[in-house]
Undergrad: 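Take this structure, written in structure tokens, and hold onto it; I'll ask about it next.
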Amino acid sequence: MDVTIRNAVPADEAAVVRMWAAARARLAAEQIPQWQDAYPGAADFQTDLITGAGQVAVLATGEVVGYAALMPSPEPTYARIAGKWLTAGAYITIHRFVVSNQHLHHGIGQQFMTGVLARIQTAGTPAV
């Protein structure tokens with residue numbers, strides 16, 4: 001299955017929120033505390049739309065099967081790190097990366113991440 005990547009649009013919200021809910025359940029089943037509150041949710045999707053950060057992976061059928069938010073620097077979480085950065089200047093952080101439960105273990109996540117990284121590189125951002 002090949003995916004294309006495009007900017008998220010309002011019509012993608014329900015699919016993305018469902019993917020986050022399913023991922024939240026998977027993480028909980030594995031006793032991983034990440035995403036065990038209201039984050040990420042519809043408000044995060046809406047913010048991503050406003051900022052242009054939201055990216056979706058889409059099958060040829062039009063089905064949205066992945067989501068990621070590409071956030072430009074500066075990222076407050078990384079204002080202080082142990083050690084030092086390998087590069088200076090602008091960077092992109094990838095947040096809220098998810099693939100639909102129905103498409104796990106089919107290479108969708110790898111294709112999506114490869115495509116996201118290519119988009120970042122094409123935009124000229126030196127670090128992720």
Side-chain angles (χ1 to χ4, degrees):
M1 282 184 229
D2 289 332
V3 298
T4 58
I5 301 170
R6 63 167 169 76
N7 292 337
V9 297
D12 300 326
E13 182 175 351
V16 171
V17 170
R18 277 193 305 273
M19 285 188 282
W20 284 335
R24 185 175 290 114
R26 284 193 319 269
L27 292 168
E30 295 179 21
Q31 299 182 354
I32 298 171
Q34 187 174 3
W35 291 6
Q36 295 308 304
D37 54 17
Y39 174 85
D44 300 297
F45 180 83
Q46 290 298 320
T47 299
D48 292 346
L49 281 181
I50 292 166
T51 63
Q55 303 291 302
V56 291
V58 183
L59 296 178
T61 62
E63 180 183 4
V64 173
V65 295
Y67 183 83
L70 308 184
M71 312 296 287
S73 56
E75 165 63 54
T77 305
Y78 302 128
R80 298 181 62 190
I81 64 168
K84 68 181 223 176
W85 292 103
L86 298 176
T87 60
Y91 59 88
I92 296 288
T93 55
I94 301 171
H95 289 274
R96 300 182 279 287
F97 189 93
V98 68
V99 172
S100 78
N101 270 8
Q102 295 77 20
H103 296 90
L104 293 177
H105 312 294
H106 294 205
I108 299 290
Q110 181 178 2
Q111 285 183 57
F112 188 27
M113 182 61 75
T114 299
V116 163
L117 293 172
R119 279 183 158 222
I120 292 168
Q121 184 179 32
T122 299
T125 305
V128 180

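Remember, it's a predicted structure, so these values are computed and weren't measured experimentally.
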Undergrad: For L49 and A8, which heavy atoms make the closest approach, and how far apart are they?
TA: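 Smallest interatomic distance, heavy atoms only, reads CD2-O, 3.3 Å.
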
Undergrad: Quick check: closest heavy atoms across D44 and A38, and the distance to 0.1 Å?
TA: OD2-O, 4.5 Å

Undergrad: Under 4.5 Å between side-chain heavy atoms, counting indirect links through other Ile/Leu/Val/Met/Phe/Trp/Tyr residues: same cluster for I92 and F97 or not?
TA: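 Result: yes, single cluster for both.
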
Undergrad: For T51, what residues pass the side chain to side chain contact (heavy atoms under 4.5 Å, CB included) criterion, not counting sequence neighbours?
TA: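 In terms of side chain to side chain contact (heavy atoms under 4.5 Å, CB included), with neighbours along the sequence ignored, T51 is linked to T47, A53.
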
Undergrad: If you take all heavy atoms of S73 and A90, which pair is closest and at what distance?
TA: OG-CA, 3.5 Å

Undergrad: Would you kindly say whether D12 and Y67 are connected by a side-chain donor-acceptor distance under 3.5 Å?
TA: no

Undergrad: Could you pull out the closest heavy-atom pair between A23 and W35, with the gap in Å?
TA: CB-CZ3, 3.7 Å

Undergrad: Does any N or O in the side chain of R96 come within less than 3.5 Å of the main-chain N or O of Y39, such that one atom is a donor and the other an acceptor?
TA: no

Undergrad: Side chain to side chain contact (heavy atoms under 4.5 Å, CB included) for D37 and R24? Distances and angles first, verdict last.
TA: CA-CA 9 Å; D37 54 17; R24 185 175 290 114; 5.7 Å; no

Undergrad: Kindly write out the residues that satisfy side chain to side chain contact (heavy atoms under 4.5 Å, CB included) with R119, not counting sequence neighbours, or none if the list is empty.
TA: I5, N7, Q55

Undergrad: Are V116 and V65 connected in the hydrophobic side-chain network, where two residues link if heavy atoms are under 4.5 Å apart?
TA: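 Yes, V116 and V65 fall within the same hydrophobic cluster.
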
Undergrad: Are any of the side-chain heavy atoms of V99 and M19 separated by less than 4.5 Å?
TA: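 A side-chain contact is absent here, since even the closest heavy-atom pair is not under 4.5 Å.
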
Undergrad: Where do Q102 and H106 come nearest, in terms of heavy atoms and distance?
TA: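 Where Q102 meets H106 most closely, the heavy atoms are O-CE1, 4.3 Å.
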
Undergrad: Could you check I94 against L117 for side chain to side chain contact (heavy atoms under 4.5 Å, CB included), going step by step and ending with a plain yes or no?
TA: CA-CA 9 Å; I94 301 171; L117 293 172; 4.2 Å; yes

Undergrad: Do the side chain of Q36 and the main chain of Q34 share a donor and acceptor less than 3.5 angstrom apart?
TA: yes

Undergrad: Considering non-hydrogen atoms only, spot the tightest contact between A127 and T87 and give its length.
TA: CB-OG1, 3.2 Å

Undergrad: For E75, what residues pass the side chain to side chain contact (heavy atoms under 4.5 Å, CB included) criterion, not counting sequence neighbours?
TA: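 Testing E75 for side chain to side chain contact (heavy atoms under 4.5 Å, CB included), a comparison that skips the adjacent residues, returns T77, Y78, Y91, T93, H95.
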
Undergrad: Is there a continuous path of hydrophobic side-chain contacts, each under 4.5 Å between heavy atoms, that joins I120 to V3?
TA: yes

Undergrad: Quick check: is V58 connected to W20 through a chain of hydrophobic side chains (ILVMFWY, heavy atoms under 4.5 Å apart)?
TA: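 In one cluster: yes.
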
Undergrad: If you draw a 6.0 Å radius around CD1 in I81, do more than 12 non-hydrogen atoms from other residues or ligands fall strictly inside?
TA: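 More than 12 within 6.0 Å, yes.
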
Undergrad: Are L104 and L27 co-members of a hydrophobic cluster defined by side-chain heavy atoms under 4.5 Å apart?
TA: no

Undergrad: With a 4.5 Å heavy-atom cut-off, do R18 and S100 have their side chains touching?
TA: no

